[in-house]
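Structure first, commentary second.
Residue numbers run from 1 in the order of the sequence given.
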Amino acid sequence: MSRDHVNHKDIADFAQNKVNLPADKANEYRAQARRLREKVENYLNEHPDFSLKKMMLSGSLAKGTALRTLNDIDVACYVSGANAPSEIPKLLEYIAERLRKAFPNFSPDQVRPQTYSITVSFKGSGLDVDIVPILYYGGDNWYGNLVSQDDGSFLKTSIPLHLNFIKKRKQKHDKDFAQVVRLIKFWARKEKREKDGFRFKSFMIELILAKLSDNGVNFSDYPEALQAFFTYIATTDMRELIVFSDYYSPDKVGSITTPVKIIDPVNEDNNVSDLYTNAQADMIVDAAIDAGDAIDAALAATTKQETIYYWQKVFGPSFHV
């Protein structure tokens, strides 16, 4: 592969300047979430019978895979399942009422129930925190029933185990695993903007890359790692079963008839790609083939201008060296 015009360092510099959430912003957002959590925890200490049991940073900010375009952060809110309503609208209002008690200085419009979550808005920073409820019934590893952002169904999950799952892959590859996740998410956002009907959930991207990590793919060379991702999708047609053994035996996964089969690493009953149709899977495969071809062409190009042209087919016009 020719690296005369664009190499690993060039991709890393592009990621730092155009893709990644800047470190100062990430620290600011984490501090905001920490203040929210501490405020609730102080209230819990004064009101031990309060039904909110724990708040935990989750999502891309917690995993270290957030993009520069991040405009809100996810916080999991564990609620005592024995005391909380089981109907989603009632549950969200129930939590919102208790958050308002924990934040008596907030105006009512700063705590707003949405379809499947509650948005807490901080007027000072302008930051929105998306509170995702989890019904908690006690037990180990903070397993509880999450309200799915896909369709509002309840899903068994554990936020600490999810974070540990990603942390394990990050430790294996230093900073490179998280960086490749961000680069692929950036590519997927571009595809979504350009192609009507294209969807590719970030969690699915993370799990495919975790699978490649477990298969021994080296993430330390970004052009090679990106090509490994696109090649995997193209060669498996996005139909290969992806399952992990971190927290359960893979043989616990039952028969799956949906086109895409990517299993939640902390819940063997949850196919995170369950709602993806054949047509949507084919769109991902076609886009991956195009991206892989563009990388091949970029690495074979004889001029810098031509090389950048092909990398822009992967990342869009913001890519420059």
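No more than 12 heavy atoms of other residues, nucleotides or ligands shown are found within 6.0 angstrom of NZ on K90. A 6.0 Å sphere centred on CG of D24 holds more than 12 heavy atoms belonging to other residues, nucleotides or ligands. For CD of E194, the number of neighbouring non-hydrogen atoms (other residues, nucleotides, ligands) closer than 6.0 Å is greater than 12. Enclosure of atom CG in D140 is not indicated, since only 12 or fewer non-hydrogen atoms of other residues, nucleotides or ligands lie within 6.0 angstrom.
The distance from the CG atom of L146 to the CG atom of L155 is 6.0 Å, given to the nearest 0.5 Å. Here the CZ-CG distance, from F219 to L226, works out to 10.0 Å after rounding to the nearest 0.5 Å. Between the CD atom in Q110 and the CG atom in L99 there is a gap of 12.0 Å [rounded to 0.5 Å]. In this structure, CG in L57 is found 11.5 Å from CD in Q32, a value given to the nearest 0.5 Å. The structure places OG1 of T157 at 8.0 Å from CG of N270, a figure rounded to the nearest 0.5 Å. Separating the CD1 atom in I256 from the CG atom in N271 is a distance of 5.0 Å, to the nearest 0.5 Å.
Residues passing the side chain to side chain donor-acceptor pair (under 3.5 Å) test with T235: none are found, sequence neighbours excluded. Every side chain to side chain donor-acceptor pair (under 3.5 Å) that S249 has, sequence neighbours left out, goes to D251. Applying the side-chain contact (heavy atoms from CB on, under 4.5 Å) rule to D269 yields the partners N267; only residues at least two apart in sequence or on another chain are considered. With sequence neighbours excluded, the residues satisfying side-chain contact (heavy atoms from CB on, under 4.5 Å) with N20 are A15, Q16, Q179, R182. For K9, the salt bridge (charged side-chain N to carboxylate O under 4.0 Å, His left out) partners two or more places apart in sequence, or in a different chain, are D13. By the side-chain contact (heavy atoms from CB on, under 4.5 Å) test, K63 pairs with T65, L163, I166, F203, E206, sequence neighbours left out.
Side-chain contact check for H162 and D264: at least one donor-acceptor pair (N or O, by modelled atom type) lies under 3.5 Å. When only modelled atom types and interatomic distance are considered, E240 and Y232 share a side-chain donor-acceptor pair under 3.5 Å. For the residue pair Q227/D296, the side-chain donor-acceptor check at 3.5 Å is satisfied.
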Which donor-acceptor pairs under 3.5 Å do side chains of residues 281-290 form with protein atoms, sequence neighbours excluded?
unit_1, atom_1, unit_2, atom_2, d
D282, OD1, R239, NH1, 3.0
D282, OD1, R239, NH2, 3.1

List the atom pairs, with distances to 0.1 Å, where a side-chain N or O of residues 307-320 and a protein N or O form a donor-acceptor pair under 3.5 Å, not counting sequence neighbours.
unit_1, atom_1, unit_2, atom_2, d
T307, OG1, T303, O, 2.8
Q312, NE2, F319, O, 3.0
H320, NE2, P317, O, 3.2

Show me, pair by pair, the donor-acceptor contacts under 3.5 angstrom made by side chains of residues 73-82, not counting sequence neighbours?
unit_1, atom_1, unit_2, atom_2, d
Y78, OH, W142, O, 2.7
Y78, OH, I159, N, 3.4
S80, OG, N83, ND2, 3.4

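Looking at heavy atoms from C-beta onward, F165 lies out of side-chain contact with V266 at the 4.5 angstrom threshold. Between K167 and Q171 the shortest side-chain heavy-atom distance falls below 4.5 Å. Residues V147 and I88 meet the side-chain proximity criterion, which asks for heavy atoms closer than 4.5 Å. Residues L61 and L21 form a side-chain contact, since some pair of their non-hydrogen atoms from C-beta on lies under 4.5 Å apart. In this structure, the side chains of H173 and S220 stay at 4.5 Å or more apart for every pair of heavy atoms. Looking at heavy atoms from C-beta onward, I11 lies in side-chain contact with P223 at the 4.5 angstrom threshold. At least one side-chain heavy atom of I95 sits less than 4.5 Å from a side-chain heavy atom of P133. With a 4.5 Å cut-off on side-chain heavy atoms, Y136 and L52 do not count as touching.
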Checklist entry - Yes or no on side-chain hydrogen bond (donor to acceptor under 3.5 Å, both in side chains) for D128 and T119, after CA distance, side-chain angles and deciding distance? => result CA-CA 6 Å; D128 284 347; T119 298; 5.6 Å; no

Next on the checklist: If you apply the rule side chain to side chain contact (heavy atoms under 4.5 Å, CB included), what do you find for Y43 with F103, and how did you get there?
Outcome noted: CA-CA 9 Å; Y43 192 87; F103 294 89; over 6 Å; no

Checklist entry - Hey, mind stepping through D214 and R169 against salt bridge (charged side-chain N to carboxylate O under 4.0 Å, His left out) and telling me if it holds? => result CA-CA 8 Å; D214 294 356; R169 276 75 189 174; 2.9 Å; yes

Item to check | Residues I262, Y276; criterion side chain to side chain contact (heavy atoms under 4.5 Å, CB included); working and verdict | outcome: CA-CA 11 Å; I262 303 176; Y276 281 67; over 6 Å; no

Checklist entry - Step by step, would you call Y137 with Y143 a ring pair (Phe, Tyr, Trp, His ring centres under 6.0 Å)? => result CA-CA 8 Å; Y137 297 95; Y143 267 105; over 10 Å; no

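For residues 143-157, the set of pairs meeting the salt bridge (charged side-chain N to carboxylate O under 4.0 Å, His left out) definition, not counting sequence neighbours, comprises D150-K201. Listed by first and then second residue, the ring pair (Phe, Tyr, Trp, His ring centres under 6.0 Å) pairs that reach into residues 20-42 come to none, sequence neighbours excluded. Every pair tested for ring pair (Phe, Tyr, Trp, His ring centres under 6.0 Å) that includes a residue from residues 248-267 fails, sequence neighbours excluded, so the list is empty.
Residue G64 comes nearest to K170 through the heavy atom pair CA-NZ, 4.0 Å, listed as atom of the first residue, atom of the second, then distance. When every heavy atom of I205 is checked against every heavy atom of F229, the shortest pair comes out as O-CE1, 4.3 Å. Taking each heavy atom of W187 and A291 in turn, the nearest pair found is NE1-CB, 3.8 Å. Across all non-hydrogen atoms, the minimal contact from V217 to A228 is CG1-CB, 3.9 Å. A pairwise comparison of heavy atoms in I131 and M55 identifies CD1-CE, 3.4 Å as the closest pair. Closest non-hydrogen pair, G197 versus Q280, comes out as O-CG, 4.4 Å.
Here the side chain of S158 pairs a donor or acceptor atom with the backbone of N141 at under 3.5 angstrom. Q149 contributes a side-chain N or O that, together with a main-chain N or O of Y116, makes up a donor-acceptor pair within less than 3.5 Å. One N or O on the side chain of R68 and one on the backbone of N17 form a donor-acceptor pair closer than 3.5 Å. Listed for the K261 side chain is a donor-acceptor partner under 3.5 Å among the backbone atoms of P259.
Note on L135 and M56: separate hydrophobic clusters, where clusters join Ile, Leu, Val, Met, Phe, Trp and Tyr whose side-chain heavy atoms are under 4.5 Å apart, directly or indirectly.
Salt bridge present: E93 and R100 bring a charged side-chain N and a carboxylate O closer than 4.0 Å. The pair E38-R35 does not count as a salt bridge, with every side-chain nitrogen at least 4.0 angstrom from each carboxylate oxygen. The existence of a salt bridge linking K101 and E97 is excluded, since no basic side-chain nitrogen approaches an acidic carboxylate oxygen closer than 4.0 Å.
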